Asker: 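This is the structure, below, for whatever I ask next.
What you see is a predicted model, and the numbers here were worked out from it, not measured in a lab. Remember, it's 1-based here, ligands and their atoms both numbered in the order they're listed. Below, all heavy atoms of this structure are taken into account, side chains as well, without hydrogens, waters or symmetry copies. Residue numbers count from 1 along this sequence.
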Amino acid sequence: MAQAHSTDLKVVRTVADLRAATLGWRLAEEKIALVPTMGALHQGHITLVQRALEAADHVVVSIFVNPTQFGPTEDLDRYPRDEEGDLEKLRQLGVELVWAPDKEAMYPEGFSTAVTAGSAARGLETDFRPHFFGGVATVVAKLFNQVRPDFATFGEKDYQQLIVVTQLARDLDMGLEILPVTTIREPDGLALSSRNAYLSEAERAVAPNLNQVLNEVANAVVAGASVPHLKAAAEMRLLTLGFTKVDYIEVRDAATLAPFNLDHKRPGRVLGAAWLGKTRLIDNVAVEV
Ligand code: AMP
């Protein structure tokens with residue numbers, strides 16, 4: 001159900017104001033979809049919003065750069081922020097409500113509880129960003145409790161996060177449906193990301209090779225090539241192409257992220273993370289069996 005296009009965009013910054021803004025919708029038994037973001041919105045986020053608009057009567061977009069999912073040496077301070085630009089984009093889409101808490105509204109004095117992410121959080125990102133999924137699981141659980149949506153949209157771009165959040169919503173009986181959205185890419189295959197803004201011209205030219213190499217791995221997996229051999233060859237190739245470090249290239253079961261086995265005849269996923277100078281890129285592609 002699409003809502004009427006409107007330029008009436010309300011921004012709330014406290015949980016009390018958020019509750020007041022959504023109470024009428026809930027009492028009227030109208031459906032709410034949440035789109036969690038860290039802002040610096042691009043076409044990937046816009047597609048998440050469009051999916052949410054299709055699914056529900058009302059859409060809430062959250063904008064919060066969550067400090068607990070960044071490690072001490074990561075890019076929290078320089079993470080791109082453009083609230084005015086974001087609000088204008090959301091206004092044009094007809095979004096009614098933006099939930100933009102500051103750090104104190106999200107983590108008030110005395111905050112001390114954490115949610116532990118489930119089995120899907122093992123390995124991959126966690127091997128390199130051990131703090132990440134704890135931060136994500138806790139903030140996502142808070143967002144779900146704050147907004148109490150019927151739906152929430154998440155991008156396949158952050159594939160492990162999508163599976164972790166789907167597991168969290170089910171395991172903790174959050175009472176909402178997670179709607180996955182396909183990865184939106186530049187014409188040359190580079191997945192859109194707020195962090196692409198960090199890339200120099202030379203790095204930007206190398207960046208699409210991550211997607212290219214993941215696709216080659218996916219095709220070779222389907223053709224029956226040995227996975228350990230493919231991973232090693234793909235890492236070498238990325239380094240040769242100009243990536244400065246490869247965190248991982250892995251092939252996993254698409255639904256559970258357990259190790260992939262072609263004989264199981266279940267969809268797989270090739271996931272990768274690699275560095276171009278100070279910028280870390282992640283991407284993933286489907287293995288269609
Ligand atoms: P972020 O603001 O980077 O935390 O991302 C917020 C949401 O947008 C997450 O669910 C991401 O997976 C999703 N997202 C980010 N980039 C893309 C993309 N290129 N295509 C689809 N979804 C994306």
Asker: So if I apply the side chain to side chain contact (heavy atoms under 4.5 Å, CB included) rule between Val287 and each of Leu214, Val217, Val221, which one comes out positive?
Answerer: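 Only match with Val287 under side chain to side chain contact (heavy atoms under 4.5 Å, CB included): Val221.
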
Asker: Does Asp75 pair with Arg195 as a salt bridge, N-O distance under 4.0 Å?
Answerer: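 Yes.
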
Asker: Let me confirm one number: the OG1-CZ distance from Thr22 to Arg148, rounded to the nearest 0.5 Å.
Answerer: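 Reported to 0.5 Å precision, the distance equals 7.5 Å.
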
Asker: Could you check whether the rings of His58 and Trp25 sit parallel, tilted or perpendicular, using 30° and 60° as the cut-offs?
Answerer: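 Aromatic pair His58/Trp25 classed parallel.
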
Asker: Would a distance-only check, ignoring hydrogens and angles, find a side-chain to backbone donor-acceptor pair under 3.5 Å from Asp188 to Leu190?
Answerer: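 Pair found, side chain donor or acceptor close to backbone of Leu190.
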
Asker: What does the 4.0 Å heavy-atom contact list look like for ligand 1?
Answerer: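 Pro36, Thr37, Met38, His42, Gly44, His45, Leu48, Tyr79, Phe154, Gly155, Lys157, Asp158, Gln161, Thr182, Thr183, Ile184, Leu192.
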
Asker: Quick one: is the NZ or CZ of Arg269 closer than 6.0 Å to the six-membered ring centre of Phe260, and within 45° of its axis?
Answerer: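 Geometry flag: not set, cation outside 6.0 Å or 45°.
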
